[in-house]
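In what follows, a single structure is set out as structure tokens and then discussed.
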Amino acid sequence: AVFEYVSHEDLRVQQEALQCIIRIGKKSTEKYLLQILPIAGVQVRVQALKQLQRIATGMAVVPLSGLLEECKSYSGSEKEMLSLGIIRALGASGSKKAIPVLRGVITGGEKYFGRESVDAADIAVSFIREQKNRERKLKQKPRMKRGVPVTVSPEANENSNSNAPSTDR
């Protein structure tokens, strides 16, 4: 029922609807924000994008990519605000799926979105790559105990202890 107020003619009603979605959304807030982006006015879209920058996941990449494509037909400050918000939310998603979209902005987006958006896309790609590298390192890092790698199986530890007396005698 709240969704219908997002496209209301009065901006204050739109903003209140957005605040309700944010308050009651809980784990579904991202999904709800993505649902209102196509129907909301520009100012509410910008506010929703700011919220998405805090919670976006890979789920947001496809809808945000479509909205970014739509932004090409906009003009002026609306276009700049929306494209910048979308690019930042794509970066905040941390998803590798966002990299091709962001690369497209970097390589040819200046004429559509402006220099600030290209710079933001470059930063977003760097952020995603850095985050993925950090995740990879955490997965590869062996658990250590007193400077010695710890194996998962206790039997493996017992069998690998070369100083233990042999029981085969």
Side-chain angles (χ1 to χ4, degrees), residues 1-9 11-141:
V2 175
F3 289 105
E4 62 193 54
Y5 293 107
V6 171
S7 58
H8 193 275
E9 63 186 45
L11 177 61
R12 291 173 298 183
V13 173
Q14 294 175 25
Q15 290 172 330
E16 282 300 317
L18 175 64
Q19 291 306 311
C20 286
I21 289 168
I22 292 166
R23 277 190 229 117
I24 63 174
K26 306 268 187 243
K27 293 180 181 180
S28 299
T29 301
E30 178 183 19
K31 181 178 83 171
Y32 295 152
L33 290 173
L34 291 170
Q35 287 176 353
I36 67 165
L37 283 173
I39 60 172
V42 173
Q43 290 180 319
V44 173
R45 282 182 180 188
V46 169
Q47 292 173 355
L49 287 165
K50 285 181 181 175
Q51 291 297 319
L52 277 170
Q53 289 171 29
R54 296 178 329 124
I55 60 172
T57 65
M59 178 175 80
V61 173
V62 172
L64 290 175
S65 300
L67 189 58
L68 185 63
E69 192 63 32
E70 183 185 313
C71 276
K72 290 180 180 178
S73 64
Y74 293 8
S75 63
S77 64
E78 288 180 350
K79 179 185 217 172
E80 292 172 20
M81 288 186 311
L82 285 173
S83 62
L84 200 54
I86 293 166
I87 290 165
R88 288 178 176 157
L90 284 168
S93 75
S95 174
K96 289 194 296 187
K97 293 185 278 183
I99 291 177
V101 177
L102 294 166
R103 280 266 167 238
V105 172
I106 293 167
T107 57
E110 189 168 353
K111 71 178 182 179
Y112 293 112
F113 307 115
R115 185 76 221 155
E116 191 176 358
S117 290
V118 171
D119 292 343
D122 196 33
I123 291 168
V125 169
S126 296
F127 172 76
I128 292 170
R129 286 196 172 138
E130 185 178 301
Q131 187 177 20
K132 294 301 173 193
N133 285 339
R134 231 180 291 125
E135 288 172 6
R136 197 174 315 121
K137 285 179 184 175
L138 286 174
K139 286 180 184 177
Q140 293 173 351
K141 198 172 192 177

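- For the side-chain hydrogen bond (donor to acceptor under 3.5 Å, both in side chains) condition, the pairs that include at least one residue of residues 55-68, sequence neighbours left out, are Glu30-Thr57.
- Counting only residues at least two apart or on different chains, no ring-ring contact (aromatic ring centres under 6.0 Å, His included) pair has a member in residues 97-117.
- Looking at residues two or more places apart in sequence or on another chain, you find a side chain to side chain contact (heavy atoms under 4.5 Å, CB included) between Ala124 and Leu102.
- Under the 4.5 Å side-chain criterion, counting only non-hydrogen atoms from C-beta, Leu33 is not in contact with Leu49.
- With contacts defined as side-chain heavy-atom distances shorter than 4.5 Å, the pair Ile86/Cys71 qualifies.
- With sequence neighbours excluded, no residue forms a salt bridge (Lys or Arg N to Asp or Glu O under 4.0 Å) with Glu78.
- Within the structure, salt bridge (charged side-chain N to carboxylate O under 4.0 Å, His left out) pairs that include any residue of residues 94-111 comprise Glu110-Arg115 (at least two apart or interchain).
- Side-chain contact between Leu11 and Gln43: present, with at least one pair of heavy atoms (C-beta onward) separated by less than 4.5 Å.
- Within the structure, salt bridge (charged side-chain N to carboxylate O under 4.0 Å, His left out) contacts touching residues 11-28 (residues at least two apart or in different chains) are Asp10-Arg12.
- For residues 59-97, the set of pairs meeting the ring-ring contact (aromatic ring centres under 6.0 Å, His included) definition, not counting sequence neighbours, is empty.
- A 6.0 Å sphere centred on CD of Glu9 holds no more than 12 heavy atoms belonging to other residues, nucleotides or ligands.
- Taking the side chain to side chain contact (heavy atoms under 4.5 Å, CB included) definition, one finds that Glu135 meets it with Gln131, Lys132, sequence neighbours left out.
- Here ring-ring contact (aromatic ring centres under 6.0 Å, His included) pairs that include residues 19-63, with residues two or more places apart or in two chains, are Phe3-Tyr32.
- In this structure, Ser126 has no side chain to side chain contact (heavy atoms under 4.5 Å, CB included) partners at least two apart in sequence or on a different chain.
- Sorted by first then second residue, the ring-ring contact (aromatic ring centres under 6.0 Å, His included) pairs that include residues 44-67, not counting sequence neighbours, number zero.
- Identified under the salt bridge (charged side-chain N to carboxylate O under 4.0 Å, His left out) test for residues 37-57, with sequence neighbours left out: Arg45-Glu70.
- Looking at heavy atoms from C-beta onward, Leu18 lies out of side-chain contact with Gln14 at the 4.5 angstrom threshold.
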